[in-house]
Every structure is written in structure tokens, then in C-alpha cells.
J.: 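Encoded as C-alpha cells, here's the structure I'll be asking about.
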2 protein chains.
Amino acid sequence: MGVIERKEREKELRSESIIDAAERIFFSKGFEHATMNDVAEEAELSKGALYLYFHSKNELCMAILQRSLHILKEIFEILRDDKNLNGIEKFPKLAELFITFAKEHPNHYDSLLSYREHRENCPATGKIIKSTIEENQNINRIISDIIKMGQVDKTIKKYIDADKLSLSLWGNFTGIMPSSILSEKVIPNFNPEDIIKYHFQLLLNAIST
Amino acid sequence: MGVIERKEREKELRSESIIDAAERIFFSKGFEHATMNDVAEEAELSKGALYLYFHSKNELCMAILQRSLHILKEIFEILRDDKNLNGIEKFPKLAELFITFAKEHPNHYDSLLSYREHRENCPATGKIIKSTIEENQNINRIISDIIKMGQVDKTIKKYIDADKLSLSLWGNFTGIMPSSILSEKVIPNFNPEDIIKYHFQLLLNAIST
DNA sequence: GACAAAATATGACCGTCGGTCACTTGGTGA
DNA sequence: TCACCAAGTGACCGACGGTCATATTTTGTC
């Protein structure tokens, strides 16, 4: 009698379809201007029902953020598992793949940049917060693994601290691009893509054997 | 008869004292939980009067952000004008000074990280937005100048693109630290300070002659 | 199939907040 | 003294996040 299991699955599906709806609404109206009524209508549910699945508007946003991280994780995983590239070759690919992600999923990319505001308004105990942090750690681990692979195949200097570098690269991804927003159209020929690639080029020189 | 000038000055003072009050309120309660009534009370004004000086809550936040940028600009200016250090010696100092800034002005530092959300809800035409962008450009110019000074005194490789590097450094500052918030207490021994310093060390190797 | 219990869903309702505006206050210049 | 106008007030409005008493649907039992 798998009733409980089925209910569990259905609950999961509902939850996902609410996130689907929330993405459509938040991405089109922006977080501040989107309302929970909008989301409820889009999800074909009542507002009250939303709160059976998510504790707050901010938590719903965290769920979207988690998806964004998941997409990015899968992209990086493919790179990590690519047998045709050595470590140092994979390094600049990280930047390229991130830029591709930002272009192909602009809204999800955007959600990455505003996690702070939502995080601060969510209780740190929630399941969603936990799994979001986990996903973030996964990404850092993948980047770190790629660097370590380069150290094993001797294309990356062995004394490089892979964990630290992976964290600072992640910071790069989520820092350079958003700073571009403040500078956009003001600095002539400003192109966040170029900046990231240039930065990776410099680092490449510093870490390759 | 400098009445108009005096009124201008008084208006400026009022404006500053409102920002003072807003800082106390926003920094203690957080943006979302702070209300305009709180700010009005703290500023010893009516709510309506606030709106004579700032168009919205978000614009008030941008004014705080501008202050943050101003503080940081002045810190970097001192470094730039220091005659006792050559270009490459100033480079790691950038990281140290930024970390100092983040420690000594944690709330202002915090405001740097959430400019996105406020920016998006401000009309791009406002005077405050404009001068905020200007302050941001100033900082990038200072960083860029420091790099160029290193190229003049031949301690930094001459083919380094100072403008691009300055932008990516700025991205580093506003990227690595915030990502630490998501990772905090999860990654053992995680210390954003170390990460930034390590990153600068790597770059130092890449750019020094 | 009948029925009680439990799970799920509803939407009217509440308190709060950002922002407005008709009105008051007080300094200015004639 | 007084008309004028910038500066300031605070009651008020619409909208929104979140709640909860109630209704509907599903489940387990006989």
C-alpha cells in the first residue's frame, strides 16, 4: 500500500509546479512587484495553499535559487567528467560555461545574485535553505575537484590550494557580473564576459605548470 | 543676500541628517523590516517630509550605498597617493584595505552587496543614482591608476590591461565575501579574508615583473 | 457503499507599510 | 503688516504578505 509514497510524490510535484509558476511570475515581474496572489493564480491554487508548501515569499525565492544552482552544478559536472580535457584545459572552460549559463538562463543567473536578500529573511533551519547551501557546496567541490585533477595530471602547480581557489572563482562569477550592472552603459565597451575571461587568463598563467 | 544659498545648504544638511537616521534604522533592523515611519521618527520629521528629499525607500538606500562607496574611495585614494610604495607593493594592499573596510564598516560593507535590489527599483534618471554610479567609477579609476603606476615604475607587466583588471578586482571584492554568507559555518575553516588574500597572491604572481 | 477522520484547499480577512495629498506652519521680502 | 511660498504634517489610501475558520477531497475501516 504505497499511498504514503504516492502522496509524497504528489506533494513533491505540487511543490515543483508552484516553483514553476513562481519562476514565470517572478522572472517576468521582478521579485518586489510580483505578488503571492499572482503566483497562486499562475499555479492554479489559492494563496492559502501556497503557504502549505512554502513558508514565505522569500522561501519560494530560495527554491528558485536552488534550481539555479542545480542547473549550474550539472553544467560543471559534465566538464569535470570530460575525459578529453586535462586539468588546465578545463580551467578556462569554467569561465566559458558560466558565461553560457548566464546567457542561456538569464533569469536563473539573476536569481543567483540576489540570494542575500532572500536568505536573510528565511529561518536558517528550513529544509530548502539546507539543500540550497548543499547545492552551493557541491559546485565548489566540483570546481575544486577540477583543479585537483589538474594537479594529478601535473598541468596545474601542485602547491595551489584548490579549495581556496575554487571559492574565489565562485566569488568571481557572482561578483564581476553583478558589478557590471552598476557600471553598465557608463564605462565604454564594458563587457563582463571579457572581464571574466581576462581574469581567468591571468589566473591561468599563475597556476599552470 | 545669500538666502538661496543658505537654503540650499540647509536642504543639504537635512538630506544628510535623514541619511544618518536611515543608516541607524536600516543597519539595526535590516532593510525589509525597517519602515519609513521608523526613519521619519529617527530623523525627527514626518513621513511626508522624507519624500520631499527622497523619492522612495529604495532611493534612500542608494544614498547609503553612495556613502559606502565614498568611504571606500577615500581609503583607496590614500593608498594611491602613498609615495612610499611602488605599484606592485600597493597591489596586495588593495585587498588588505578592503578587508579593513569590511571589518570597520560592516554595515556599509553590507550595503555594497545589496545595491542590486535597490537599484532595480529606482528610476535610472535620479541624481542619486547618477552620483552613485560616478562614485563607483571613481573607485575603478583609482584601482586602475594604481596598476598603471606599477607599469610606469616597471613593477607590473606592461601588457596587463589595467582597466579590465580593476573591474575584475572590484568584482572580487563584492563577490567572494558575499558568497561566504551562503557558505558560512558549513565549510570548515572558511575565512573570506584568507580567500581574498590568497586570490591576490595568485594574481600578484601573474602580473609582477 | 457508508462514514468518520485526516489531509488538502479556499478566500475573506487582518495588520502593516510605502506612498500621497490637502492642509498647516513659519520664514521672507515688499 | 501681510501676502506668498517653500517646508513640513499626518490622516488616509491601496496593496500586499500572511492567517485561519471553513469547505472540499481523499483515505482507511467496516
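Lettering of chains follows the sequences in order, A, B, ..., and the numbering in each one begins at 1.
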J.: For Lys29(B) and dG18(C), give me the distance from atom NZ to atom P, rounded to whole Å.
T.: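 To the nearest whole Å, that distance equals 10 Å.
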J.: Between Tyr109(B) and His105(B), does the ring centroid distance fall short of 6.0 Å?
T.: no
J.: Examine dT8(C): is either OP1 or OP2 under 4.0 Å from a nitrogen or oxygen in the side chain of Arg14(A)? Give yes or no.
T.: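 No.
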J.: Output the rounded distance in Å from CD (Glu12(B)) to C1' (dA6(D)).
T.: 17 Å
J.: What is the distance, to the nearest angstrom, from the CD atom on Glu32(A) to the P atom on dA15(D)?
T.: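 After rounding, the reported distance stands at 16 Å.
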J.: What integer distance in Å separates Glu5(A):CD from dT26(D):P?
T.: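 Glu5(A) atom CD is separated from dT26(D) atom P by 19 Å.
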J.: For DNA chain C, which residues in residues 34-56 of chain A have a heavy atom at a distance below 4.0 Å?
T.: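 Correct list: Leu45(A), Ser46(A), Gly48(A), Ala49(A), Leu52(A), Tyr53(A).
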J.: Does the ring centre of Phe31(A) sit less than 6.0 Å away from the ring centre of His118(A)?
T.: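 Yes, the ring of His118(A) comes within the 6.0 Å limit of the ring of Phe31(A), centre to centre.
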J.: Under 6.0 Å between the ring centres of Phe173(B) and Phe200(B)?
T.: yes
J.: Rounded to the Å, how far apart are Arg9(B) CZ and dA7(D) C1'?
T.: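 Going from CZ in Arg9(B) over to C1' in dA7(D) covers 17 Å.
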J.: Under a plain distance cut-off of 3.5 Å, with no hydrogens placed, do His70(A) and Gln66(A) share a side-chain donor-acceptor pair?
T.: no
J.: What distance do Met62(B) atom CE and Lys130(B) atom NZ have between them, rounded to the nearest 0.5 Å?
T.: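 Going from the CE atom of Met62(B) to the NZ atom of Lys130(B) covers 13.5 Å.
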J.: Tell me: CD of Glu10(A) to C1' of dT25(D), nearest whole Å?
T.: 12 Å
J.: Looking at the rings of Phe101(B) and His108(B), which for Trp means the six-membered one, are their centres under 6.0 Å apart?
T.: no
J.: Nearest whole Å is fine: how far is dT8(C) C1' from Leu13(A) CG?
T.: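 Value for this atom pair: 15 Å.
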